[in-house]
Participant: 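Can you keep this structure in mind? I'll have questions shortly.
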Amino acid sequence: MRVTKGAQIVTATALLALAVAACGGSGDTSSSSSGSAAAGNASAVRVEIAEPQHDLIPGNTTETSGAEVLNALFVGLVDYDADKKPFNRIAESIESTDSTTWTIKLKDGYKWHNGEPVVAQNFVDSWNYTANGANAQEGNYFFGSIAGYDELNPGEGKTPSATTLTGLKVVDDKTFTVQLKNPFSGFPTMLGYTAFSPLPKAAFESEGKLKADFGSNPIGNGPFKISKPWKRGTDQTISTVRNEEFKEGKAKVEAVDFKIYTDLATAFNDLRAGNLDIMDQLPAEAIATAKQEFGDRYIEQPSSGIGYIGFPVVSGADYAKNADIRKAISMAIDRKTITETVFSGTRVPADDFISPVVAGYRQGACGEACTYDPAKAKALFQQAGGDKMSEIVIGYNGDGGHKEWIEAIANNLRTNLGAKVTPKPVEKFATILDDLGAKKWTGSFRMAWIMDYPSPENYLRPQFGSGGSSNYSGFKSKEFDDLLTKADAAKTLDEGVKYYQQADDLVLKELPYIPVYFYQTNGAYSQHVKNVKIDPFERIDLFNVEKA
């Protein structure tokens, strides 16, 4: 997933802003720059993003903004159609007789931007690099099901006993095999996620190390290629041009500029002024009037994102570590009013950790804990000692358009619990992710998730599994992990969903995160472009965007 910058990760891709921590990450993209002042290609379509958390490396990108760029530069083994069903892209076939050993064959004709063919070794090299704990890649966790992963990730302070996954074998240029540690019938569905992208031979120097400048000037295999190196933290535009040799045909526009903003309101003003072409999420205050203002150029549709308030349940403040207080906070939040007023009715109160857009969602699964009941909430809060705690901090990324709904929650908690509550904005989504990852953040925090691939597993394991790639709460439960493993090994989808739901029930009981609302995509585009489509992963279909 992606944790999202905006109200996304997303995931991917935002974890995130929603975007998305891809995985992401969700609901609200973060950040911004001066926007219209940023230099770019005069013929380019201009797309709003937040500053990616890391350089442009697929295995190190689990938030939605970086993933948006990488989706233009790279394509993988599979992708997903409008109904969220996976289909083969580079893969000719992905087959197994036992859900443990998988044989993957590649199609002919896909090439890297430097002209070299995409071969099986490119996938094996990329996956080995990302899976190696010594390389500290954000997407490392997604390779945990492959044989040999444990030897590459022996734990903190220990030295890996291997440098490659024993479960990967190259058969020939068009074929490789994957040996999993346990049966996992959903393995092919994962393979459209950014972390499973291949990397070219040119990405590596000796001994499997990635070249230092690859992340600023990546060589991809997708419909667009980087037109000039991007310096993270300095450059406010990531410029790409059309890949004229792309196997699937030519994109309809010559170039795409990804413009980095730290404030959605600034981006929205640029969109209205014609200095920006596409926003996949609008600021909350703009949603009520955007449909009237943009007409057919306004996009409103279901999204896979979920917005949360999270808690560092192991390393956080006393209130963050107390499950009863977390439940009391959840019961004190008036989700219905927040979604109807702050988001103008374009969000839906959340009642599960699994999104309604994937199999496994259960209406009302959260039960009492997600039901607004101020009286019971206050009684539980006091019983758990919450009234003796000095302050509840709610952190959020200021670049993702979250201020209004976080302030609304703070007022709920002040009024209904009698608590002292301090909303605490952090300028960039990337900063709060870094602080959470380093366990420097002790208060509660805003978070969101957009699916990386359409499976209930993707809403559970990365965020709440032991060592999960986006497990910012630190939640850990052997029973939860075992249920996920049992679900993975199920022979049928229905049988697997049953165990995923049992795992879901465990986190709904403990509430390391509080689900607040289900996302909708509320985007818009300028008069300069047409045929703009955004999928349930909140990815813009840049291949088919046209100049108006």
Side-chain angles (χ1 to χ4, degrees), residues 4-8 10 17-20 26-29 32 35-36 40-49 64-65 68 71-72 80-84 223-224 242 249-259 261 264-305 339-348 356-357 401 450 517-548:
T4 76
K5 60 182 176 4
Q8 138 214 14
V10 112
L18 140 100
V20 121
S26 328
D28 308 31
T29 60
S32 71
S36 57
N41 187 329
S43 65
V45 168
R46 300 155 297 181
V47 176
E48 175 270 338
I49 61 169
T64 49
S65 289
E68 190 80 82
N71 286 330
Y80 309 97
D81 64 20
D83 294 324
K84 306 175 288 296
F224 293 91
R242 182 168 61 200
K250 295 180 182 179
K252 293 181 172 57
V253 295
E254 295 178 357
V256 175
D257 280 351
F258 297 91
K259 299 181 68 171
Y261 286 82
L264 283 186
T266 302
F268 186 63
N269 287 336
D270 272 359
L271 182 70
R272 300 172 79 184
N275 297 320
L276 180 71
D277 292 318
I278 305 174
M279 292 183 71
D280 61 6
Q281 283 291 353
L282 303 180
E285 65 272 19
I287 292 173
T289 59
K291 187 172 184 178
Q292 181 177 5
E293 180 174 356
F294 286 85
D296 292 343
R297 293 182 287 109
Y298 172 68
I299 299 172
E300 183 173 307
Q301 62 188 36
S303 164
S304 62
T339 54
E340 289 180 350
T341 57
V342 177
F343 291 109
S344 303
T346 62
R347 301 290 189 273
V348 176
V357 306
I450 284 180
Y517 59 83
F518 295 127
Y519 274 71
Q520 279 207 117
T521 294
N522 301 99
Y525 53 95
S526 76
Q527 296 176 339
H528 302 146
V529 295
K530 62 181 181 180
N531 198 29
V532 177
K533 296 180 181 177
I534 302 172
D535 69 14
F537 302 85
E538 296 203 357
R539 302 178 303 180
I540 301 167
D541 180 6
L542 294 171
F543 185 79
N544 287 305
V545 168
E546 299 178 65
K547 284 278 191 175

Participant: I'd like to know if the side chain of K291 and the backbone of E300 have a donor-acceptor N/O pair within less than 3.5 Å.
Facilitator: no
Participant: Has the side chain of D257 got a donor or acceptor atom that lies under 3.5 Å from a matching backbone atom of K259?
Facilitator: no
Participant: F258 versus L542: any side-chain heavy-atom pair under 4.5 Å?
Facilitator: yes
Participant: Just how far is it from atom CD1 of I534 to atom OH of Y525, taken to the nearest 0.5 Å?
Facilitator: 9.5 Å
Participant: If you compare all heavy atoms of T339 against all heavy atoms of V348, which two are closest, and at what distance to 0.1 Å?
Facilitator: CG2-C, 3.9 Å
Participant: Measuring from I49:CD1 to M279:CE, what's the distance to the nearest 0.5 Å?
Facilitator: 12.0 Å
Participant: Let me confirm one number: the CG-CG distance from N71 to D535, rounded to the nearest 0.5 Å.
Facilitator: 8.5 Å
Participant: Using 0.5 Å steps for rounding, measure from the CG atom of N522 to the CD atom of Q301.
Facilitator: 9.0 Å
Participant: I'd like to know whether NZ of K84 has more than 12 heavy-atom contacts from other residues, nucleotides or ligands below 6.0 angstrom.
Facilitator: yes
Participant: Among all residues two or more places apart in sequence or in another chain, which pass the salt bridge (charged side-chain N to carboxylate O under 4.0 Å, His left out) test with E546?
Facilitator: none
Participant: Between A72 and P223, what is the shortest heavy-atom contact and its length?
Facilitator: O-CD, 3.3 Å
Participant: Please say whether more than 12 non-hydrogen atoms of neighbouring residues, nucleotides or ligands are located less than 6.0 Å from NZ in K252.
Facilitator: yes
Participant: When you compare the side chain of L282 with that of Y298, does any pair of heavy atoms fall below 4.5 Å?
Facilitator: yes
Participant: Give, for atom CZ of F268 and atom CD of E48, the distance between the pair rounded to the nearest 0.5 Å.
Facilitator: 12.0 Å
Participant: Work out which heavy atom in E538 is nearest to a heavy atom in S303; give both atom names and the distance.
Facilitator: OE2-OG, 2.8 Å
Participant: Of all residues at least two apart in sequence or in a different chain, which pass the side chain to side chain donor-acceptor pair (under 3.5 Å) check with D541?
Facilitator: N544
Participant: Mind checking the OH-OG1 spacing from Y517 to T346? Nearest 0.5 Å is all I need.
Facilitator: 9.5 Å
Participant: Quick one: closest heavy-atom pair of L276 and L271, and the distance?
Facilitator: O-CD1, 3.3 Å
Participant: Taking only Lys NZ, Arg NE, NH1 and NH2, and the carboxylate oxygens of Asp or Glu, determine whether R46 and D277 approach each other closer than 4.0 Å.
Facilitator: yes
Participant: Counting N and O atoms only, with roles assigned by atom type, does the side chain of Q281 sit under 3.5 Å from a partner on the main chain of Q520, one being a donor and the other an acceptor?
Facilitator: yes
Participant: Check for a donor-acceptor pair, side chain of S526 on one end and backbone N or O of G274 on the other, with a separation under 3.5 Å.
Facilitator: no
Participant: Check whether more than 12 heavy atoms from other residues, nucleotides or ligands sit under 6.0 Å from atom CG of D296, and answer yes or no.
Facilitator: no
